[in-house]
There are 2 protein chains.
Amino acid sequence: MNPPTDSSDALRARKSIERSVSMADVAKLAGVSGQTVSRVANGHSNVDATTRDRVLDAMKTLGYRPNVAARALRTGRSGSIGVIMFSLSTFGNRKTLDAIAMAAADEGYATTLIPILHPSQGAVSDAFVRLSEQAVDGVVIVIEAHVLDSAEIVLPAGLPVVIVDSDAGERYTVVDTDQYQGAQLATQHLLDLGHPQVWHISGPPSSFSAARRTQSWRATLEAANIVPPPVLIGDWSTTSGYELAQSLVARPEVTAIFAANDQMALGAMMAIHEAGREIPASISVVGFDDTEESGAFWPPLTTIHQDFVAVGRLCIDKLIAEIVGGHDTTGTTLVATRLVARSSTAPLGGTPH
Amino acid sequence: MNPPTDSSDALRARKSIERSVSMADVAKLAGVSGQTVSRVANGHSNVDATTRDRVLDAMKTLGYRPNVAARALRTGRSGSIGVIMFSLSTFGNRKTLDAIAMAAADEGYATTLIPILHPSQGAVSDAFVRLSEQAVDGVVIVIEAHVLDSAEIVLPAGLPVVIVDSDAGERYTVVDTDQYQGAQLATQHLLDLGHPQVWHISGPPSSFSAARRTQSWRATLEAANIVPPPVLIGDWSTTSGYELAQSLVARPEVTAIFAANDQMALGAMMAIHEAGREIPASISVVGFDDTEESGAFWPPLTTIHQDFVAVGRLCIDKLIAEIVGGHDTTGTTLVATRLVARSSTAPLGGTPH
DNA sequence: CCATATCATGTTTACGTGAACATGCAACAA
DNA sequence: TTGTTGCATGTTCACGTAAACATGATATGG
């Protein structure tokens, strides 16, 4: 049992762990008012050079660090940006998060991750509850917008938002890779190589990116007066690519496959290998993403490179503009992709490499 | 319903974007004091059931959300856990972060990402400055500890810390995959298949995991009375695996390669293919990580599976224990790996599959 | 010379919360 | 009855910061 201590020493010692240096401490040491310390800390101009140096010295001596909680309470700004996404399982999410975090750090913002445990309605709502409890100045949402619509989700009013992987450009600020252009590039590349038809392994329809890529693939074929074959609907995983491709490889007329991401392309290539057909001599394969590994697949995969760094940068730039500007904006900004031609594609009937 | 508004209407309207519902608003509506609202919000028991319901109703009506900044200022707890790591470029980092974020969310903590732009001394120090400016209750550091030592880094005193990828168990709480056991599993697997020697493509020496795997590989060979060949030092990338393996594949006596991660294993397999040798008939390859794709490599890669979910869970559990307990702990907790045998390994001189 | 503008700096206050302490009421024992 | 206990609830205050306002000193113009 703990009898109350007469002197506050014991408590002090225990609390001192958390106890940090405040403006008042700095002010005392520098012989100025707290307000002057505040001015120096925030880089205001109207402070005498001598005084400023004295304050800076005191800060350094005491190891002063501003208390963000107090600052956030006072100013309503937390210096933190929230990111809501399903788990980091997809390559795109992971790269996007990475790029956002880097760009945010660059601008002096921290990144608060608000993961969604499983893609259920309730879990998404939970994420927004957690979000509204966290002090964030803005949010980047990396979930297709229709999920937002279907859930009874209320974005805190006036909270700046940028959405990735969505077509909600009329209502929100949207930044994304130009999925349409990318898929066109992939499909056209195969057509240009002389393939009379291009089969497509798509991502899950719940993903806007996936739907958009499929749409573009279809349009590109139709523009070439080709009737698109049925879509094979995958779920981004190598396994799904493998299983779906198995139905294709037995048919000799299938000579070109466009997979909606590199992982499914990898799975498809595995099925092709197992069927004893040659890539690209017998079948050409194009992926989408350009992961770090795809250049080392066997054979090295022709794919669409996404510029995630640019996407992340734009997200943060637009978000900060909204935060500082104080008003919501709308509109869609797309980042172009480029085709990375490697050895998994060749002219119809052509030779590898 | 709405209380009559006074002359400050215009200002109010403009500010109302950020202006959120406070305890005072709830208190007024429920006809109680702010303190009672606080008690309800924090689940204290000494509130009459009737009163509690009235307050909860008012909260719901107004859409009350506690202000974390104010709470953090008052309590010294932010409900947020910081994660410091180099960019998400490695599979391990990415999975670890994912697991940490999930486990933290599960415990009601947000995850604040503090990325390090480039692995320079200054950048690491910067991260710690940003850290100390962010209100976090604890930190998970996913950087080898010797980097911490070499930089003039001061961890805020008393801040609970858990370190991943380190051997600093005597000074900190360390959670990690059992790298040693994993590398032993990999090496022994190849020896058990009858290979007289196992070559090793390692990760960068700056990584503790890499060093540890190399150490274990060497020890396992020595325990079998085999003199380890020179280590080939890679950098985790497929490219490095590819380039390093090229020097190996020309030598027929090389029949077994243990790469310190799946990406380098993939690169090595590419070099093997290009040299015209068969996997696993002519050379066996083992990786480390068990990425989502490795089962679809050609051939499917035998590798060491890491349980990142367990690592993340343990990080958070131990961190929260320190946060709640209020005292630092030390000690190392290792999570076991398991061998996933696929088709990239076979008995010496054996047949594929 | 004084009036006034200018600028560095100090003082007061409020942001929203929750701990500590105060109050008031009901139940109960003596 | 009256004091005592226990419990629900209210009041006061401080956390660290920065905006708003106040002050006092110096420079400038007529």
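Chain identifiers are assigned alphabetically (A, B, ...) following the order of the sequence lines, protein sequences preceding nucleic acid strands; residue numbering begins at 1 within each chain. Quantities reported herein were computed from a predicted structural model and do not represent experimental measurements.
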query = For the pair made of CZ in B/Arg77 and P in C/dT17, what is the distance, rounded to whole Å?
reply = 18 Å
Side-chain donor-acceptor distances from residues 50-59 of chain B under 3.5 Å, at least two apart:
from, atom 1, to, atom 2, distance (Å)
B/Thr50, OG1, B/Asp48, OD2, 2.8
B/Arg52, NH2, B/His44, O, 2.7
B/Arg54, NH1, B/Ala30, O, 2.5

ask   = Is B/Leu73 close to A/Asn67 at the side-chain level, that is, under 4.5 Å between some pair of heavy atoms?
value = yes
request  = Quickly work out the A/Asn42 CG to D/dA19 C1' distance and round it to whole Å.
outcome  = 11 Å
inquiry  = Quick check: do B/Ile81 and B/Val139 have side-chain heavy atoms less than 4.5 Å from each other?
reply    = no
ask   = Over how many whole Å does the gap from A/Leu73 atom CG to C/dT17 atom C1' extend?
value = 8 Å
Cut-off 3.5 Å, no hydrogens considered: what does the side-chain donor-acceptor table look like for residues 99-109 of chain B, sequence neighbours left out?
from, atom 1, to, atom 2, distance (Å)
B/Asp106, OD2, B/Arg313, NH1, 3.2
B/Glu107, OE2, B/Arg313, NH2, 2.6

inquiry  = Using five pairs at each end of the helix from C/dC1-D/dG30 to C/dA30-D/dT1 to define an axis, what is the angle between those two axes, to 10°?
reply    = 60°
query = So what does B/Ser38 touch, heavy atoms closer than 4.0 Å: a base, only the sugar-phosphate, or nothing?
reply = base
task = Answer whether the closest heavy-atom distance between the side chains of A/Val162 and A/Val174 falls below 4.5 Å.
result = no
inquiry  = Counting only heavy atoms and a strict 4.0 angstrom limit, can you tell me which residues of residues 63-71 of chain A come near DNA chain D?
reply    = A/Tyr64, A/Pro66, A/Asn67, A/Ala70, A/Arg71
request  = Measure the CZ-CG distance between B/Arg94 and A/Leu88 for me, rounded to the nearest 0.5 Å.
outcome  = 7.5 Å
Side-chain heavy atoms of B/Val335 within contact of B/Phe308, under 4.5 Å = no
inquiry  = Using side-chain heavy atoms (C-beta onward) and a distance below 4.5 Å, is B/Ile114 in contact with B/Val83?
reply    = no
query = Can you tell me how far C1' of D/dA20 sits from NE2 of A/His44, to the nearest Å?
reply = 13 Å
message = Measure CG/B/Asp53 against P/D/dA8 and give the value in whole Å, please.
response = 14 Å
query = Quick one: side chain to side chain donor-acceptor pair (under 3.5 Å) partners of B/Thr111, sequence neighbours excluded?
reply = none
Interface polar pairs with nucleotides 9-13 of chain D, N/O, under 3.5 angstrom:
from, atom 1, to, atom 2, distance (Å)
D/dT9, OP1, B/Thr51, OG1, 2.2
D/dT9, OP2, B/Asp48, N, 2.8
D/dT9, OP2, B/Thr51, OG1, 3.3
D/dG10, OP2, B/Ser33, N, 2.8
D/dG10, OP2, B/Ser33, OG, 3.0
D/dG10, OP2, B/Thr36, OG1, 2.8
D/dG10, N7, B/Arg39, NH2, 2.9

inquiry  = Without decimals, in angstroms, what is the distance between B/Met23 CE and C/dC15 P?
reply    = 15 Å
request  = Measure the shortest side-chain to side-chain distance between A/Thr173 and A/Glu322 over non-hydrogen atoms and say whether it is less than 4.5 angstrom.
outcome  = yes
key: Contact check, side chains of B/Met85 and B/Ile116, non-hydrogen atoms, under 4.5 Å   = no
